[in-house]
Amino acid sequence: MRVRFAPSPTGHLHVGNVRTALFNWLLARGQNGTFILRIEDTDVERSTQDSDAAILEDLHWLGLDWDEGPEVGGAAGPYRSSERLSTYQSRVSDLLEGGLAYYCFCAPEQLEAERKVALANNLPPKYSGRCARIDPAEAKRRMTAGEPAAVRFRTPQNRDVVFQDLVRGEIRFHTDVIGDQILVRSDGHPAYNFAVVVDDGLMGVTHVVRGEDHISNTPRQILIYEGLGLTPPAFGHVAMVLGPDHTKLSKRHGAVSVDEFREKGYLPEALLNYLALLSWSPGKDQELVPLVEMAKRFSLSDVGHSASVFDEEKLAWVNRHYLKEADPKRLAMLCAPYLERAGYINGPLSASGAAYLGSLVPVFNTSVDRLDQVPQRLRQLFEFSAASALDDPGIRAEVEAGAARQVIDALAEALASAPRLSDKQAFRGVADRVKQKTGQKGRALFHPIRIALTGAGDGPELDLLVPAIDRGADLDAGSGVVPVIGARERARAFADEIK
RNA sequence: GUCCCCAUCGUCCAGAGGCCUAGGACGUGGCCCUUUCAAGGCCAAAACACGGGUUCGAAUCCCGUUGGGGACGCCA
């Protein structure tokens with residue numbers, strides 16, 4: 001089995017395309033097949049090097065590795081259509097010589113006008129065939145005279161083109177609805193339907209799995225395969241990915257490209273796992289399944305036929321799952337850029353700085369959807385001001401109610417003589433002393449402590465947060481992490497502020 | 001307009017004639033847990049588009065209607 005993913009480098013990789021790439025990858029990995037990456041840069045106007053590079057980078061990030069294609073090479077290369085021009089040329093001259101294709105001299109403006117008229121008259125807009133009857137010798141003469149010409153395929157009339165779609169079953173088209181398609185544009189570049197057939201055919205692709213929007217291209221391509229004397233591969237068309245309003249997912253729906261999801265702090269394994277759940281299911285009541293396991297279970301015949309709506313909330317849920325499972329060292333490194341942007345990291349991380357970040361993972365990894373929310377969740381670590389906390393009327397009121405002041409005073413006192421609270425036990429010990437001294441317990445004890453130590457009424461668990469504060473306060477100057485004010489200093493400042 | 005595809009909770013999937021009083025997940029609501037916000041646990045509300053067939057029996061098969069989507073380019 002040889003499958004391929006053939007994006008055109010005209011923008012960022014869209015999640016809909018990623019889903020298609022994933023299905024191809026799953027198929028290849030599950031059946032010991034070959035996954036080919038081919039860059040379809042036939043449109044010189046719109047293709048860019050940047051997009052080309054971005055697509056490769058996105059696929060690397062996702063971990064969808066290819067067996068043949070750019071960077072890795074392969075026997076069927078080259079793997080960019082811009083490098084295969086001579087192949088297309090020789091194939092098109094075969095077609096021209098066999099009378100299966102002809103030169104077309106129609107001006108684009110004229111064709112455009114004709115199409116509008118057809119549409120306005122409720123007729124299928126298809127090429128009139130005006131140039132189909134020009135004598136080949138005459139055409140050659142006009143060509144050599146310098147007249148610009150495209151090459152069109154002579155579509156056989158009055159027959160059906162039938163194929164067995166791997167996901168949908170038999171699909172049938174009548175050739176009357178298919179006009180004579182452009183094979184080569186007047187600028188010499190191949191048109192998509194031609195390039196794709198030549199490439200898939202010559203690369204020995206056995207299964208073409210692509211989006212539903214290509215269904216109507218399939219009979220056109222099958223006709224070209226026949227003209228070229230090549231055996232068509234099997235085709236499978238997967239349904240579209242839609243936005244919440246049930247139209248094709250696009251930028252106006254928010255984030256749609258891989259780089260945007262990476263930027264927001266989704267893990268690649270989460271994005272892929274979520275995408276696999278669109279139009280497919282790994283099995284009885286299971287949704288969170290590792291990729292390798294999915295590959296074992298994946299089958300095109302199990303893929304659904306109807307379009308699905310992309311739901312970022314569910315993606316977030318999948319992401320939370322993988323955030324809990326991820327290695328802390330990896331997460332620490334992944335969230336560093338976000339912390340840096342927030343100003344919580346101000347230089348290269350030393351070993352102790354990196355270790356500190358790693359120790360912070362349990363503080364946020366069960367309570368955050370994405371990595372870009374980490375700085376917000378950790379802000380109490382790096383931002384503390386008793387004075388500005390007390391500007392908040394709610395905080396002020398809480399501090400002045402009941403025995404809060406006594407608790408805070410006792411806390412400041414207990415902390416003054418205590419060493420840094422490097423773990424949960426140490427913090428509990430101090431809390432116990434405050435409890436003995438004030439007779440407060442439960443919320444009446446812990447809420448004032450939380451306020452005095454964090455400046456806020458809510459936030460991460462104190463058992464985790466307080467030791468994190470004091471470990472941060474112990475960090476040396478060159479750690480790369482912004483200085484953290486210790487618990488002792490925080491309690492003192494708060495006690496003084498409310499005197 | 002023409003051609004093609006599709007149709008189960010708000011959303012994603014399960015269901016391949018009796019196992020369906022339609023199952024799971026996200027989200028939503030409630031309860032529990034809890035020193036806060038989360039997380040976690042439990043419970044609940046929530047769907048077979050409609051109309052005809054076929055059959056002893058249909059969410060499942062057939063036809064039609066309606067609705068949605070896609071394609072119709074010298075874009076891919």
Side-chain angles (χ1 to χ4, degrees), chain A residues 6-10 40-43 45-47 104 106-108 111-112 115 118-127 148-152 165 167-168 171-174 176-179 181-193 195-196 210-220 237 239-240 242 244 246-248 274 277-288 301-302 304-318 320 324 364-369 377 431 440-451 454 456-463:
Chain A
S8 62
T10 54
E40 211 73 54
D41 55 351
T42 51
D43 186 348
E45 300 280 296
R46 299 199 300 162
S47 296
C104 174
C106 297
L111 295 169
E112 179 59 23
R115 199 151 43 96
L119 246 12
N121 291 319
N122 293 335
L123 293 168
K126 93 180 202 198
Y127 179 58
V151 179
R152 282 186 191 270
D165 191 282
V167 351
R168 286 151 209 277
I171 297 181
R172 177 183 301 267
F173 283 86
H174 195 86
D176 283 0
V177 300
I178 303 172
Q181 14 169 5
I182 297 279
L183 259 24
V184 178
R185 300 187 276 208
S186 51
D187 68 359
H189 286 274
Y192 169 77
N193 273 333
V196 125
R210 61 201 346 180
E212 193 184 9
D213 47 344
H214 284 287
I215 289 185
S216 58
N217 278 328
T218 306
R220 299 160 203 274
H237 293 94
M240 305 267 91
L242 308 177
H246 287 81
T247 64
K248 215 169 171 176
Y274 172 70
L277 263 22
L278 261 28
S279 285
W280 184 68
S281 162
K284 208 50 186 152
D285 296 347
Q286 276 184 287
E287 301 198 292
L288 301 169
S301 56
D302 294 336
H305 301 185
S306 53
S308 31
V309 172
F310 187 88
D311 179 10
E312 191 166 347
E313 296 219 62
K314 184 142 184 177
L315 203 215
W317 171 73
V318 175
R320 285 201 293 273
K324 284 171 202 161
F364 67 76
N365 80 147
T366 60
S367 55
V368 116
D369 289 343
R377 189 66 180 167
Q440 299 300 316
K441 58 182 173 141
R443 190 188 163 93
L445 172 68
F446 284 101
H447 213 248
I449 291 179
R450 169 179 293 283
I451 289 175
T454 69
D458 57 30
E461 244 180 90
L462 288 179
D463 283 346

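Proteins get letters first, then strands, A, B, ... in listed order; numbering begins at 1 in each.
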- Query: Could you state the CG-P distance from N365(A) to G40(B), rounded to the nearest angstrom?
  - Reply: 12 Å
- Item | Test log, rule side chain to side chain contact (heavy atoms under 4.5 Å, CB included), inputs W317(A) and E312(A) | CA-CA 9 Å; W317(A) 171 73; E312(A) 191 166 347; over 6 Å; no
- Would you mind classifying the nucleic acid contact of L288(A) as base, sugar-phosphate or nothing, using non-hydrogen atoms under 4.0 angstrom? nothing
Dump every N/O contact between nucleotides 23-29 of chain B and the protein below 3.5 Å, one line per pair.
residue	atom	partner	partner atom	Å
G24(B)	O4'	D285(A)	OD1	3.4
G24(B)	N2	E287(A)	OE2	3.4
A25(B)	O4'	E287(A)	OE1	3.2
A25(B)	O2'	E287(A)	OE1	2.4
A25(B)	O2'	K314(A)	NZ	3.3
A25(B)	N3	K314(A)	NZ	3.1
C26(B)	OP1	W317(A)	NE1	3.3
C26(B)	O2'	K314(A)	N	3.4
G27(B)	OP1	R320(A)	NH2	2.8

- Message: I'd like to know if the side chain of H189(A) reaches the main chain of D43(A), judged simply by a donor and an acceptor atom lying under 3.5 Å from each other, with no hydrogens or angles considered.
- Response: no
- Task: Using a 4.0 Å heavy-atom cut-off across all strands, classify R450(A) as base, sugar-phosphate, or nothing.
- Result: base
- Of all the heavy-atom pairs spanning P124(A) and A118(A), show the shortest one and how long it is. O-CB, 4.3 Å
- Message: Using a 4.0 Å heavy-atom cut-off, does K441(A) contact any base of the nucleic acid, only the sugar-phosphate backbone, or nothing at all?
- Response: nothing
- Separation between CG (D176(A)) and NZ (K126(A)), nearest 0.5 Å, reads 5.5 Å
- Could you state the atom-to-atom distance from CG of L242(A) to P of C5(B) in whole Å? 18 Å
- Message: I want to check something: taking the side chain as every heavy atom from C-beta on, are F310(A) and L242(A) in contact at a cut-off of under 4.5 Å?
- Response: no
- Note on the structure: Contacts of L462(A) and P282(A) projected onto RNA chain B by closest heavy atom; the upstream (5') one is P282(A)
- Item | Sugar-phosphate, base or nothing in reach of G442(A), heavy atoms under 4.0 Å | sugar-phosphate
- Give one of base, sugar-phosphate or nothing for N217(A), where a contact means two heavy atoms less than 4.0 Å apart. base
- How far does the P atom of A44(B) sit from the matching atom of G23(B), given to the nearest Å? 11 Å
- Could you check which of C13(B), A76(B), G1(B) has an atom nearest any side-chain atom of L119(A)? G1(B)
- Y192(A) OH - A71(B) P separation (whole Å): 12 Å
- Query: Expressed in whole Å, how much space separates the P atoms belonging to C50(B) and G67(B)?
  - Reply: 15 Å
- Query: Quick one: does R115(A) reach the base of C72(B) with a side-chain donor-acceptor pair under 3.5 Å?
  - Reply: no
- If we take the P atom in both G69(B) and U11(B), what is their distance in whole Å? 14 Å
- Under the side chain to side chain contact (heavy atoms under 4.5 Å, CB included) criterion, do V167(A) and H305(A) qualify, and how do the steps go? CA-CA 7 Å; V167(A) 351; H305(A) 301 185; 4.1 Å; yes
- Task: Scan R172(A) against the nucleic acid and name what it touches under 4.0 Å (heavy atoms): base, sugar-phosphate only, or nothing.
- Result: sugar-phosphate
- Message: If you only use heavy atoms from C-beta on, which nucleotide in C6(B), G1(B), C12(B) is closest to the side chain of R168(A)?
- Response: C6(B)
- Whole-angstrom distance between A22(B) and A38(B), as gauged at atom P: 34 Å
- Query: Which part of the nucleic acid, if any, lies within contact of R377(A), taking any heavy atom under 4.0 Å across all strands shown: a base, the sugar-phosphate backbone alone, or nothing?
  - Reply: base
- Item | Watson-Crick or G-U wobble mate for G17(B), both contacts under 3.5 Å | none
- Protein-nucleotide distance (D369(A), atom CG; C37(B), atom C1'), rounded to Å: 13 Å
- Pairing partner of C74(B) (Watson-Crick or G-U wobble, both distances under 3.5 Å): none
- Counting only N and O atoms by type, is there a donor-acceptor contact under 3.5 Å from the side chain of S281(A) to the main-chain atoms of L277(A)? no
- Rounded to whole angstrom, note down the C1' distance from C26(B) over to G64(B). 36 Å
- Query: Roughly how far, to the nearest 0.5 Å, is the NZ atom of K324(A) from the OG atom of S367(A)?
  - Reply: 9.5 Å
- Message: Quick one, H237(A) and D213(A) - any side-chain contact, counting heavy atoms below 4.5 Å?
- Response: no
- Message: What's the gap between U21(B) and C12(B) when it is taken at their P atoms, as a whole Å value?
- Response: 25 Å
- Item | S186(A) (side chain) and C74(B) (base): donor-acceptor pair under 3.5 Å | yes
- Task: Report the nucleotide, chosen from G1(B), C12(B), A71(B), that has the shortest atom-to-atom distance to any side-chain atom of V309(A).
- Result: C12(B)
- Query: If we call it a pair only when both distances are under 3.5 Å in a Watson-Crick or G-U wobble match, what pairs with A7(B)?
  - Reply: U66(B)
- Message: Side-chain N or O of K248(A) versus OP1/OP2 of A71(B): is the shortest distance under 4.0 Å?
- Response: yes
- Task: Could you give the distance separating C48(B) and C32(B) at their P atoms, to the nearest angstrom?
- Result: 33 Å
- Message: For E112(A) and P460(A), find the nucleotide of RNA chain B closest to each by heavy atoms; which residue's nucleotide sits nearer the 5' end?
- Response: P460(A)
Look for any protein N or O under 3.5 Å of an N or O in nucleotides 30-34 of chain B and output each such pair with its distance, or none.
none

- Non-hydrogen side-chain atoms of Y127(A) and C104(A) separated by less than 4.5 Å: yes
- With a 4.0 Å cut-off on heavy atoms, is D463(A) in touch with a base, just the backbone sugar-phosphate, or nothing at all? base
- Message: With a 4.0 Å cutoff (strictly under), does any side-chain N or O of H305(A) reach OP1 or OP2 of C6(B)?
- Response: yes
- Salt bridge between E212(A) and K248(A), side-chain N to carboxylate O under 4.0 Å? no
- Close side-chain approach of P9(A) and D41(A), heavy atoms under 4.5 Å: yes
- Please determine, for the side chain of M240(A), which listed nucleotide (G69(B), C72(B), C5(B)) has the closest atom? G69(B)
- Query: Reckon L445(A) touches a base, only the sugar-phosphate, or nothing at all at heavy-atom distances under 4.0 Å?
  - Reply: nothing
- T366(A) side chain N/O closer than 4.0 Å to the phosphate oxygens (OP1, OP2) of G40(B)? no
- Item | C1' spacing across the pair G51(B) / C13(B), given as an integer number of angstrom | 28 Å
- Note on the structure: When rounded to whole Å, the CZ to P distance for the pair F173(A) and C4(B) reads 7 Å
- Message: Does G40(B) have its OP1 or OP2 closer than 4.0 Å to a side-chain nitrogen or oxygen of K324(A)?
- Response: yes
- With heavy atoms under 4.0 Å as the rule, sort S279(A) into base, sugar-phosphate or nothing. sugar-phosphate
- Opposite nucleotide pairing with U36(B), Watson-Crick or G-U, both atom distances under 3.5 Å: none
- Message: Whole angstroms only, please: what is the CD-C1' distance between Q181(A) and A76(B)?
- Response: 14 Å
- Stacked pair H214(A)-A76(B), distance under 5.5 Å, angle under 30°: yes
- Side-chain contact check for S281(A): nearest option of G73(B), C13(B), C5(B) is C13(B)
- Message: Partner lookup for G27(B), please. Criteria are Watson-Crick or G-U wobble with both distances under 3.5 angstrom; report none if nothing qualifies.
- Response: none
